[in-house]
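Single-structure report; data block below.
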Amino acid sequence: MPDFIRLHAQDHVAIATAPLAAGAVLEIDGRPIEVAGPIPSGHKVAIREIPAGSPVMKYGQPIGIATQPIAVGCHAHTHNLRDQHSVAETITSTNPPADPPPLRRSFLGYHRPDGRIGTRNYVAVLSTVNCSATVCHKIVARFDAERLRRWPNVDGVFAASHGGGCALQYDGRKHQMLARTMAGYANHPNVGGRLMIGLGCEQNTPAYLGQQHGIVPLYAADGERLTRDDAIPTLTMQSEGGSQATIARGERMLEQVLDVANQATRRTADASALCLAVECGGSDGYSGITANPAIGVVSDRIVACGGTSIISETTELYGAEHLLCDRSRSPEVAQKLIDLLHWWQQYVAYYGGELDNNPSVGNKAGGLSTITEKSLGAVSKSGSTALEAVYDYAQRVTAKGLVVMDTPGFDPASVTGKVAGGANLVMFSTGRGSCFGCKPSPVIKVASNSDLFQRMRDDMDLNAGQAIDGKAIQQLGDEFFEFALGVASGEKTASERNGFGDHEFVPWTVGPTL
């Protein structure tokens, strides 16, 4: 394995693939380069003189400007490099790539009445308001693994609880975002049954969810048994006589919901039914070189099958948005992305921040210096196909092909939005390590380097670090695609084996708490 990687002939930096000691000599284009000081693995070493104020190139793109002269062999990082990026105002033309050759593949999934197909069969207990969250979790706790043996076709029961639902403008933006997210989970193809629990005086009422967002809360005719598969039983704690009465009745009703959900079985489905959410969290200097490009290959394969791939984390597209704009199906699609980025700049600035605050302490320790550098690596998860549409947070995704969803960069909130939009499969790259899971959609975690893969083996599914050892990204991506088809057909991911995903329902909402 080489001690460094240079990604593009125009780059001013190379990436250390192992810790480099002061005095180490790198051979680049026949030139010996002596390392001036310690360079951690995944970090950047200057391979050209970089004057102060000039762009620093990586990926063949500027990732920022030098704040002081950077000599050959020196560490290029936050101490001598800062972000400098501006977003275009108007997009007038785009250059979408040709569609990929069609690919026919299949998996075993759950066919739902609305035509969508699930990769899992969960039952959800949804709280309309935070005041009913504990009751939801106490009902779910009564259905442990031993009890769930009675319903062998159900993958599990989970609570979708949150911190909102009241103290907000009725039907305002904050309310709509929360309701849209809840509706997306209640009607998700991976959810075969639902139970809704409210307090009774909240703004986010069951009636509002039904009228405005398509969740129809119906009691069965006899008050206990469901009369239709799509009925959503609803309980309110104030009407039931308090928490304990609600828990007792909720337990009885959930048994009936499980009886209905257990009727579903896996059948062959075309891979065009797959809706993939691509995510990166705990990124490092390898993420944009190994794991994210390999996930991009999976994205391309699913699009070739006629499916959908959703990239999000709008704050982590800043600095690389021009690449997606150029690939957009139309200038209108590209302009919507640009408009979102301008909104984010204003939104963050209102609270005294800037988008370059996004790289975390862990990101920087892993070798990432600016948001532009992070974004250029993150956008490779999108693969190479045309960008077909841009969606609001938690909006139901109906387009086929690659799409963007507007979300924050915070992983739980970002994935929650994409799952609410219909993602029935998640691929999540990490360079520092993540234990993320997200019921009801399985999460495939991809380690960006072999050290992480071995160190957190119980939490990792795939090792993209093989790319550092010489395996081609295309080959890795094809292997990861086959793995994804297996997961879609029921093979358990690491987070599922560990039982994670019960507390990662984190809706993002914009607006005041009143």
Which atom names give the shortest non-hydrogen contact between [X] and [Y], and what distance separates them?
X    : Y    : result
P233 : M253 : CB-CE, 3.1 Å
I15  : G285 : CG2-O, 4.4 Å
R266 : R120 : NH2-NH1, 3.5 Å
I473 : A294 : CG2-N, 3.9 Å
K381 : S299 : O-CB, 3.7 Å
R327 : L402 : NH2-CD2, 3.2 Å

[atom1]/[X] to [atom2]/[Y] distance, rounded to the nearest 0.5 angstrom?
X    : Y    : atom1 : atom2 : result
D300 : T385 : CG    : OG1   : 5.0 Å
L324 : S382 : CG    : OG    : 5.0 Å
H175 : Q203 : NE2   : CD    : 6.5 Å
H111 : R116 : NE2   : CZ    : 14.0 Å
K418 : Y393 : NZ    : OH    : 10.0 Å
K445 : T430 : NZ    : OG1   : 9.0 Å

pair [X]-[Y]: side-chain heavy atoms closer than 4.5 Å:
X    : Y    : result
S328 : L337 : no
C305 : F481 : yes
F483 : V298 : no
F480 : I444 : no
Y391 : T398 : yes
T308 : I302 : no
L462 : M427 : yes
D392 : K336 : yes

Checklist line | Step-by-step side chain to side chain contact (heavy atoms under 4.5 Å, CB included) determination, N358 to E313 | finding: CA-CA 11 Å; N358 174 284; E313 302 176 284; over 6 Å; no
Item checked: Residue pair Q474, V297: steps toward the side chain to side chain contact (heavy atoms under 4.5 Å, CB included) verdict -> CA-CA 7 Å; Q474 199 70 37; V297 174; 3.7 Å; yes
Note to self: Using the side-chain hydrogen bond (donor to acceptor under 3.5 Å, both in side chains) criterion, which residues pair with D83? Sequence neighbours excluded.
What the structure shows: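 Expected list: T372.
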Checklist line | N204/T128 under side-chain hydrogen bond (donor to acceptor under 3.5 Å, both in side chains): CA gap, chis, key distance, verdict | finding: CA-CA 6 Å; N204 194 42; T128 62; 5.3 Å; no
Between the side chain of [X] and the main-chain N/O of [Y], is any donor-acceptor distance below 3.5 Å?
X    : Y    : answer
D270 : S106 : no
Q466 : A464 : no
S380 : L376 : no
T181 : A420 : no
R432 : G362 : yes
D478 : Q475 : no
K174 : G511 : yes
D461 : A494 : yes
S360 : N363 : yes
T509 : M177 : no

Note to self: Parallel, tilted or perpendicular, judged at 30° and 60°: which one describes the rings of Y185 and H188?
What the structure shows: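 Rings of Y185 and H188: tilted, as their planes differ by 30° to 60°.
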Checklist line | Parallel, tilted or perpendicular, as decided by the 30° and 60° cut-offs, for the rings of H322 and H85 | finding: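 H85 and H322: tilted rings.
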Checklist line | Worked verdict on H137 versus H503 for ring pair (Phe, Tyr, Trp, His ring centres under 6.0 Å) | finding: CA-CA 10 Å; H137 283 281; H503 303 282; 5.5 Å; yes
Can you tell me if [X] and [Y] form a side-chain donor-acceptor pair at under 3.5 Å?
X    : Y    : value
D411 : S414 : no
T265 : N153 : no
K364 : T78  : no
N424 : T119 : no
S429 : S287 : no

In a table with atom names and distances, give each donor-acceptor pair under 3.5 Å that connects a side chain of residues 435-442 to protein atoms at least two apart or in another chain.
from : atom 1 : to   : atom 2 : distance (Å)
K439 : NZ     : D502 : OD1    : 3.1
K439 : NZ     : D502 : OD2    : 3.1
S441 : OG     : N190 : ND2    : 3.4
S441 : OG     : A423 : O      : 2.8

Salt bridge [X]-[Y], side-chain N to carboxylate O under 4.0 Å:
X    : Y    : answer
R112 : D114 : no
D155 : K492 : yes
E316 : K374 : yes

Checklist line | From CA spacing to verdict: side chain to side chain contact (heavy atoms under 4.5 Å, CB included), I311, L317 | finding: CA-CA 9 Å; I311 188 170; L317 299 178; 4.1 Å; yes
Next item on the list: List the steps, then state whether side chain to side chain contact (heavy atoms under 4.5 Å, CB included) holds for F500 with D459.
Entry: CA-CA 10 Å; F500 293 164; D459 297 291; 3.8 Å; yes
Side-chain donor-acceptor pairs under 3.5 Å in residues 165-173, sequence neighbours left out?
from : atom 1 : to   : atom 2 : distance (Å)
D171 : OD1    : Q176 : NE2    : 3.4
D171 : OD1    : Y208 : OH     : 2.7

